[in-house]
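Below: the structure, in structure tokens.
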Amino acid sequence: MKNQKTWVAVILLGTVAVNTGAYLVMRSRRAAQAPAPSTPLVARVDPAAPGNTPPAVASPSDDAKAGLARARRASGLAALEDRDYARAVTEFTEALSLRNDPNGDVVELLRIATDLRAREQARVTKVPEPRESPTSKSAPRTRAARLAAARAQAREQQQAQASEAGVERKGLLLVTSTPPGLVVLVDGKELDMTPARLSVTAGSHRVVLAQGDRHLYSETLEVAEDSVRSLNRDLTAELTLPAARAAPVAVPVVATSSAPPVAAAPVGGLAPGARSPDSTPPPEPSVAKAAVAQRGDLEVTSPGLYGEVWINNRPYGFPPISAQALPAGPARVEVRVNGEVKRRMTVDVEPGRSTRVRVR
């Protein structure tokens, strides 16, 4: 079985390497034949902000390493599901050496795999304590001694049952996702973000993966006592949001009286259909359209940095996010990791349009 899995991993790595080589060859040919297209400027990056560095141009060798790192990560996740923690540690270590990304999830996956391997080794090497055989004790001779021994044995059994009832049986729940950074809800409670290693009670649990208020995936898992249950899902397609829509604008409503109309006086009154000088004219439809036209949308993605997106000092969740109905003009976009600002930029929100921002 292990040889078969090894061959599957070798074939997978070979396929990734061949596809990467073909992609690099086609890319070099296209670059030699066609002129280099101009890249549109989407956002103005503030170079004075802390943590901002100019974007680096990825070389072909970097693309090949990134593909091999993704293959190693996928192989490590498969090893975790098979409970082969030693191979999982090896695969995650290789992925981290190919693409050293301290902000990615490979570091957390490596830590989880190392803890699970140590736990498995400790359970295997644990030797049960020798118990005293009941036949080694000398049988009581008198009737009073036999009654006392029976009472002591009954008390020991009651204490053992009470201790077993008081001990809560638990298992481990390992939840991973692609991309990482999704909120993990277990039985309706937010516990952690992927990748997550959770200690839960043995039994059935409802696990939900969410981003903000959106529930992307849910499944009921049965966790056995002193065991590990894995859940790994690729939710890239579910995170692709549709085109942003303009937020509805509230139209002011003029309150009217429910009393029956009174006929106008024939002398000194207003002619039928005339408007009183104190009455306010109803709002024109063009006013509401102008209010909608003065707002725009932002779609923010951050493939290399997983942090919370803040726009104009307001949190919008983890990328990819879609911020709708923002005031037209410059908007301040920040990416914060554990409360610390890692990226900061200023983006022009175009009225009536959706602007895409890619944080590097």
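Source: prediction; values computed, not measured.
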If you look at every heavy atom in [X] and [Y], which pair is closest and at what distance?
X	Y	answer
Ala71	Val16	CB-CG2, 4.2 Å
Ala88	Ala113	CB-CB, 4.1 Å
Pro320	Leu239	CG-O, 3.8 Å
Asp82	Arg87	OD2-NH2, 4.0 Å
Gly171	Val223	CA-CG1, 3.9 Å
Val106	Ala95	CG1-CB, 4.2 Å

Determine whether a donor-acceptor pair (N or O, by modelled atom type, separation under 3.5 Å) exists between the side chain of [X] and the backbone of [Y].
X	Y	answer
Thr90	Ala86	yes
Asn232	Leu77	no
Asp84	Ala79	no

Joint cluster assignment, Leu235 & Leu191, ILVMFWY side-chain distance < 4.5 Å
yes
Under 4.5 Å between side-chain heavy atoms, counting indirect links through other Ile/Leu/Val/Met/Phe/Trp/Tyr residues: same cluster for Leu172 and Ile112 or not?
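Result: yes, single cluster for both.
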Using salt bridge (Lys or Arg N to Asp or Glu O under 4.0 Å), reason through Arg336 and Glu308 one step at a time and then give a plain yes or no.
CA-CA 5 Å; Arg336 303 183 183 183; Glu308 191 175 11; over 6 Å; no
Non-hydrogen side-chain atoms of [X] and [Y] separated by less than 4.5 Å:
X	Y	value
Gln324	Ser354	no
Val309	Pro315	no
His205	Thr220	no
Met345	Val357	yes
Lys170	Glu225	no
Leu12	Trp7	no
Leu298	Val333	yes
Leu116	Leu80	yes

With distance as the sole criterion, is a donor-acceptor pair present between the side chains of Arg206 and Ser218 under 3.5 Å?
yes
Test salt bridge (Lys or Arg N to Asp or Glu O under 4.0 Å) on Arg119 and Asp226 and set out the steps.
CA-CA 10 Å; Arg119 179 189 178 95; Asp226 198 19; 3.0 Å; yes
Only counting residues at least two apart or in another chain, list the ones meeting side chain to side chain contact (heavy atoms under 4.5 Å, CB included) with Ala78.
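Partners of Ala78 under the side chain to side chain contact (heavy atoms under 4.5 Å, CB included) test: none.
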I'd like to know if [X] pairs up with [Y] as an ion pair, taking the criterion as any Lys NZ or Arg NE/NH1/NH2 lying under 4.0 Å from an Asp or Glu carboxylate oxygen.
X	Y	answer
Glu219	Arg233	yes
Arg73	Asp105	yes
Asp115	Arg111	yes

Among Val208, Val183, Leu182, which one satisfies side-chain contact (heavy atoms from CB on, under 4.5 Å) with Leu216?
Leu182
